[in-house]
Amino acid sequence: MVVVVLGALAIGLTLGLLGSGGSAVTVPVLVYLVGHDVKQSIAESMAIVGLISMVAAFPYGRHRLIDWTSVLYFGIPGMFGTFAGAWLGGLAPGALQLAVFGTVLVVSAFAMFKKSKFQELSSEFDAKEIQRSSIAKIGLEGTIVGIITGFVGVGGGFLIVPALVLLGKLPIRMAIGTSLVIIALKSAIGFIKYQHHLLTVEDRSVDLSTLLIFSLIGIVGSWAGQRLNARLNQDLLKRLFAIFLMVLGIWLFFSEGSKLISPTDSSPGIPSIDRVDGDT
């Protein structure tokens, strides 16, 4: 229980402090600390991050910092992409998903190092005079990010925010608020698809108690993170978290990638639920 509480707090604090990165923590916590299998963890991660993102989006909505046109252009293609990615994820071995997840974490680390550049660029855009890139380009970007989201279970905030700034020409705060809505929508679709896979193919489901505990504590953690946000050095915080993501991503890539080359164990480093039940 202590591990669950600490893991949920870490997810919420990450979202509250940085506005993204929650799922980068969620999937490893569920797999390696809680002991759930990869596909179950991805499904649970989508539900948890989706719920936390939805709650976190309300303050942005009250201050009119959500661009609903971008939600339509970017979010709808992203939902189709997430569905496709989740379908592919259901067919892929768990070790491959975690190896790809590690690669995504390394990419996200580089994106966090460069985020200050996006913040400087976004200050040039006036939210009242938005001149977007073509709908096709925004939709294609949304679809690609959605596929990644569905396959490995990341919300994609580290990819969505820069895309909304560069393609949607949104100020950074509006880009963050809009990304939270998009993450919530994509997570809902991804969760539904993975839950369907678990029920129909593997004859099991997500753990509702895990979803409830992680979501509630994560929401509290996100509120605490938002309050701490103004008191901490954001650049230093993001750099430290980026380093953490890079180390975790490299470890996941080589650890899980080695299982694809010489598979000796189907579990992601610890016994899976099925085998634990079998032993008892």
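The distance from atom CD1 of Ile66 to atom CG of Leu170, rounded to the nearest 0.5 Å, is 11.5 Å. Note that the CD1 atom of Ile160 and the CD atom of Glu141 stand 9.5 Å from one another [nearest 0.5 Å]. Put simply, OG1 on Thr149 and CE on Met46 are 6.5 Å apart, with the number rounded to the nearest 0.5 Å. A distance of 10.0 Å separates CD1 in Ile42 from CG in Leu198, rounded to the nearest 0.5 Å. In this structure, OG in Ser41 is found 10.5 Å from NZ in Lys39, a value given to the nearest 0.5 Å. Note that the CD1 atom of Ile76 and the CD1 atom of Ile189 stand 9.0 Å from one another [nearest 0.5 Å].
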Verify side-chain contact (heavy atoms from CB on, under 4.5 Å) between Val100 and Glu256, making sure each step is shown before the conclusion. CA-CA 9 Å; Val100 174; Glu256 300 299 329; over 6 Å; no
CA sep, side-chain torsions, deciding dist, call: Val34, Glu44, side-chain contact (heavy atoms from CB on, under 4.5 Å): CA-CA 12 Å; Val34 178; Glu44 291 168 345; over 6 Å; no
Evaluate the side-chain contact (heavy atoms from CB on, under 4.5 Å) criterion for residues Ile182 and Thr178: first the C-alpha distance (whole Å), next the side-chain angles of each, then the deciding distance (0.1 Å), finally the verdict. CA-CA 6 Å; Ile182 294 172; Thr178 304; 4.0 Å; yes
Test side-chain contact (heavy atoms from CB on, under 4.5 Å) on Val38 and Phe101 and set out the steps. CA-CA 11 Å; Val38 176; Phe101 184 87; over 6 Å; no
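Side-chain N or O atoms of Tyr73 include none that pairs as donor or acceptor with a backbone N or O of Gly142 at under 3.5 Å. A donor-acceptor distance shorter than 3.5 angstrom exists from the side chain of Gln97 to the backbone of Phe151, with no hydrogens or angles considered. Judged by distance alone, the side chain of Ser187 and the main-chain N or O of Ala184 form no donor-acceptor pair under 3.5 Å.
Hydrophobic clustering places Trp251 together with Leu33 (ILVMFWY residues linked when any side-chain heavy atoms are closer than 4.5 Å, directly or through intermediates). With hydrophobic clusters built from ILVMFWY side chains whose heavy atoms lie under 4.5 angstrom apart, Val49 shares a cluster with Leu208. Neither Leu211 nor Leu51 shares a network with the other; the hydrophobic side chains, linked directly or stepwise wherever heavy atoms of I, L, V, M, F, W or Y lie under 4.5 Å apart, form separate groups for each. In the hydrophobic clustering of ILVMFWY residues, with side-chain heavy atoms under 4.5 Å counting as a link, Leu72 and Phe80 come out together. There is a path of hydrophobic side-chain contacts, each under 4.5 Å, that joins Ile176 to Leu185.
At a threshold of 4.5 Å between non-hydrogen side-chain atoms, the residues Gln40 and Thr210 do not count as touching. Tyr32 places a side-chain heavy atom less than 4.5 Å from the side chain of Leu252. Two residues are said to be in side-chain contact when any heavy atoms from C-beta on lie closer than 4.5 Å; Tyr60 and Val181 fail this criterion. No side-chain heavy atom of Asp67 sits less than 4.5 Å from a side-chain heavy atom of Leu164.
Leu30 and Ser45 get closest at one heavy-atom pair: CD1-N, 3.9 Å. Annotation for Gly89 and Tyr194: closest pair CA-OH, 3.5 Å, computed over non-hydrogen atoms. Here the closest heavy-atom approach between residue Phe191 and residue Ala47 is recorded as CD1-CB, 3.7 Å. Shortest non-hydrogen contact noted between Phe83 and Lys193 is CE1-CD, 3.7 Å. When all heavy atoms of Met79 and Lys186 are compared, the closest pair comes out as N-CG, 4.1 Å. Here the closest non-hydrogen pair linking Ala109 and Ala242 is CB-O, 3.2 Å.
The side chain to side chain donor-acceptor pair (under 3.5 Å) contacts involving residues 74-95 comprise nothing, where partners must be two or more places apart or lie in separate chains.
Partner of Val27 under the side chain to side chain contact (heavy atoms under 4.5 Å, CB included) criterion, chosen from Leu98, Val152, Ile48: Leu98.
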